[in-house]
Amino acid sequence: MKISVITLFPDMFTGFKTSSIINKAILKGIVEYEVVDMRSFTEDRHNRVDDYPYGGGAGLVLMCQPVIDAIKATRTEKSLVIMMTPQGKTLKQSLAYDLSKHEHLVLVCGHYEGFDERIRMYVDMEMSIGDYVLTGGEAAAMVISDAVIRLVDGVITQESHEDDSFSDGLLEYPHYTRPRVYDGHEVPDVLVSGHHENIKRFRLKESLRKTQRVRPDLLENREFSKLEQTLMEEIAQENQGE
Ligand code: 6GU
């Protein structure tokens, strides 16, 4: 897959591209990551890409010409062009998974007060990473790139993301590694028992427990399996005992 980012701040992506799993995916040839400098497309004599808003008000607005020309130069018929804006659809694991199946994503990063409204007609969708405002779309583009790239076939093993938080609508179960006892805190016995059925049951139960405690909203419309119902009852009884 290829991801192209259109930005006024290409340098912000240097560390991202050259680190950890993203870097490996690029070196393996599974992912191509292109950073496009939006300013290089301006036809303004003074290299400007933004201007004052019609009707007045605070801040500057990105002009149509440099943004739309950069999009046209970067996209093909097969591209999905995504505008980064707090007014967009919120990123979810299920959406990251859908995006990971695309051949080419083009992420358009804004800055300042935002984009000229007419730019919206040249993109396929608008995306946000949550209900808060960033100074620009770059950090959001990195979040989306990261969430998507790790799901592309061959980047990490399938098992590494099958159990991810949200993949099955639950938060992930707790993990432990050496030592068995740290500062008096022990690893749960079941995890060193070698009994795979019990381990699976323990992990599912802890996923349910954590989700109910910190993200009860995720359970609201869940269709619980028979085993999940049993585990939820056990958790409820344990909570009463406390
Ligand atoms: Cl995509 N852009 C900006 N500027 N702020 C955001 C965002 C995007 N997502 C959440 N906040």
Side-chain angles (χ1 to χ4, degrees), residues 1-17 19 21-22 31 33-42 48-75 79-102 104-152 164-166 171 214-215 217-218:
M1 104 158 333
K2 179 174 173 182
I3 298 181
S4 303
V5 188
I6 299 175
T7 172
L8 289 168
F9 300 94
D11 291 348
M12 287 179 72
F13 292 86
T14 309
F16 176 74
K17 275 200 328 184
S19 306
I21 292 172
I22 309 303
V31 171
Y33 207 85
E34 176 187 38
V35 182
V36 177
D37 185 357
M38 188 191 292
R39 196 175 297 277
S40 70
F41 288 86
T42 183
R48 290 192 57 176
V49 292
D50 50 31
D51 214 332
Y52 297 101
Y54 279 119
L60 294 165
V61 175
L62 283 169
M63 296 189 287
C64 289
Q65 183 275 319
V67 184
I68 293 168
D69 283 353
I71 292 171
K72 286 178 173 170
T74 306
R75 77 167 308 162
S79 312
L80 184 72
V81 181
I82 305 171
M83 183 193 237
M84 308 306 310
T85 151
Q87 294 114 45
K89 191 176 164 78
T90 313
L91 180 68
K92 294 274 181 312
Q93 188 65 14
S94 53
L95 180 54
Y97 188 76
D98 292 344
L99 294 178
S100 74
K101 303 297 174 198
H102 279 266
H104 185 206
L105 302 178
V106 179
L107 308 179
V108 187
C109 303
H111 238 87
Y112 318 114
E113 271 312 291
F115 298 91
D116 185 302
E117 187 65 19
R118 294 163 290 187
I119 296 169
R120 297 203 146 85
M121 298 189 289
Y122 297 80
V123 307
D124 301 311
M125 68 183 291
E126 300 176 35
M127 276 185 65
S128 160
I129 58 164
D131 295 341
Y132 39 81
V133 178
L134 304 169
T135 58
E138 285 77 11
M142 284 182 229
V143 167
I144 292 174
S145 301
D146 188 300
V148 168
I149 288 171
R150 65 188 288 286
L151 295 175
V152 175
D164 281 348
S165 291
F166 314 112
L171 301 182
V214 303
R215 290 293 305 277
D217 55 300
L218 293 175

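All values below were derived from every heavy atom in this structure, side-chain atoms included, with hydrogens, water molecules and symmetry-related copies excluded. Because the structure is predicted, anything quoted here is derived from the model rather than measured. In listed order, ligands and their atoms are each counted from 1.
- Here the CG-CD distance, from Leu60 to Glu113, works out to 8.5 Å after rounding to the nearest 0.5 Å.
- When each atom of ligand 1 is checked for a heavy atom of Met84 under 4.0 Å away, the hits are 1 (Cl).
- Ion pairing between a basic and an acidic side chain is recognised when a charged N comes within 4.0 Å of a carboxylate O; Asp124 and Arg75 show such pairing.
- When each atom of ligand 1 is checked for a heavy atom of Met127 under 4.0 Å away, the hits are 1 (Cl).
- Only the backbone of Thr85 comes within 4.0 Å of ligand 1, counting heavy atoms alone; no side-chain atom from C-beta on gets that close.
- When only non-hydrogen protein atoms are considered, atom 11 (N) of ligand 1 lies nearest to Tyr132 O, 2.6 Å.
- Of the polar atoms of Thr135, none of the N or O atoms is found under 3.5 Å from an N or O of ligand 1, judged by distance alone.
- Annotation: ring-ring contact (aromatic ring centres under 6.0 Å, His included) contacts of Phe16 (sequence neighbours excluded): Tyr33.
- Residues Arg118 and Asp116 are paired through a salt bridge, judged by an N-O separation under 4.0 Å between the basic side chain and the carboxylate.
- Distances between N or O atoms of Ile129 and those of ligand 1 include at least one value under 3.5 Å.
- Between Lys89 and Glu126 there is no salt bridge, since no side-chain N of the basic residue sits under 4.0 Å from a carboxylate O of the acidic one.
- For the pair Leu134 and ligand 1, the shortest N or O to N or O distance falls below 3.5 Å.
- Counting only heavy atoms of the protein, atom 2 (N) of ligand 1 lies nearest to Pro86 CD, 3.6 Å.
- Using a 4.0 Å cut-off to heavy atoms of Ser128, the atoms of ligand 1 that qualify are 1 (Cl), 9 (N), 10 (C).
- Across Met84 and Ala140, no two heavy atoms sit closer than the pair CE-CB, 3.6 Å.
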Side-chain donor-acceptor distances from residues 6-13 under 3.5 Å, at least two apart:
unit_1: Thr7; atom_1: OG1; unit_2: Phe9; atom_2: N; d: 2.8
unit_1: Thr7; atom_1: OG1; unit_2: Glu138; atom_2: OE2; d: 2.6

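- With a 4.0 Å heavy-atom cut-off, ligand 1 is reached by the side chain of Ala140 but not by its N, CA, C or O.
- In the displayed structure, Asp217 atom CG is contacted under 6.0 Å by more than 12 heavy atoms of other residues, nucleotides or ligands.
- The protein heavy-atom contact nearest to atom 10 (C) of ligand 1 is Gly130 O, 3.2 Å.
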